[in-house]
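Just so it is clear, the values below take in all heavy atoms, side chains as well, and ignore hydrogens, waters and symmetry mates. Along the sequence shown, the residues carry numbers beginning at 1.
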Amino acid sequence: MKDERNDVPDAVSGVFRRAKRRTEMQAAAGGGRGGVEKGRGDVEKMLRAVESVGDHSKTLDCIFLNVPSVPYVDPTLDRNHAAHEWLSSADVYRSHKTSAAANDSAAQHGMARAHIPVAAAAVHLLC
């Protein structure tokens with residue numbers, strides 16, 4: 001039985017890893033929405049990897065540190081800006097600087113656990 005938990009480097013590499021283009025193009029050429037479903041499956045797989053780590057704070061830090069070193073074409077820096085906005089919003093939830101943290105720390109922790117994997121998925125799609 002294989003262990004379902006991932007470590008942080010595996011999760012972070014999953015955020016920045018894309019499926020092979022040939023496979024996506026063949027699925028899209030096969031008809032219908034095959035390419036879209038393949039991309040959706042790739043994001044769901046990445047979300048499961050990030051959620052299985054358990055230490056969302058460390059995962060968020062590693063993603064933030066690796067975003068500048070990921071090569072992608074973005075001459076206007078719009079995707080770079082959007083990726084950093086997602087990471088910034090996830091950091092706000094993590095840092096307990098919201099009104100929910102002052103009133104209900106359990107709700108704050110739940111929001112952070114829900115928002116950090118979604119921010120990782122956004123970075124996956126942007127970079």
- prompt: What's the shortest heavy-atom distance between A83 and V123, and which atoms?
  reply: O-CG2, 4.0 Å
message: Run the ring pair (Phe, Tyr, Trp, His ring centres under 6.0 Å) test against H115 and tell me which residues pass, sequence neighbours left out.
response: W86, Y93
query: Could you give the distance from CG (D42) to NE2 (H124), rounded to the nearest 0.5 Å?
result: 4.0 Å
- prompt: Can a salt bridge be assigned to the pair R94 and D91 using a cut-off of 4.0 Å between side-chain N and carboxylate O?
  reply: yes
- prompt: Is the backbone of V73 close enough, under 3.5 Å, to the side chain of R79 for a donor and an acceptor to pair up by distance?
  reply: yes
query: For the residue pair I63 and A120, what are the closest heavy atoms and their distance?
result: CD1-CB, 3.7 Å
query: Which value, rounded to the nearest 0.5 Å, describes the distance between E51 atom CD and H56 atom NE2?
result: 6.5 Å
- line: With sequence neighbours left out, the residues meeting side chain to side chain donor-acceptor pair (under 3.5 Å) with N80 are H84
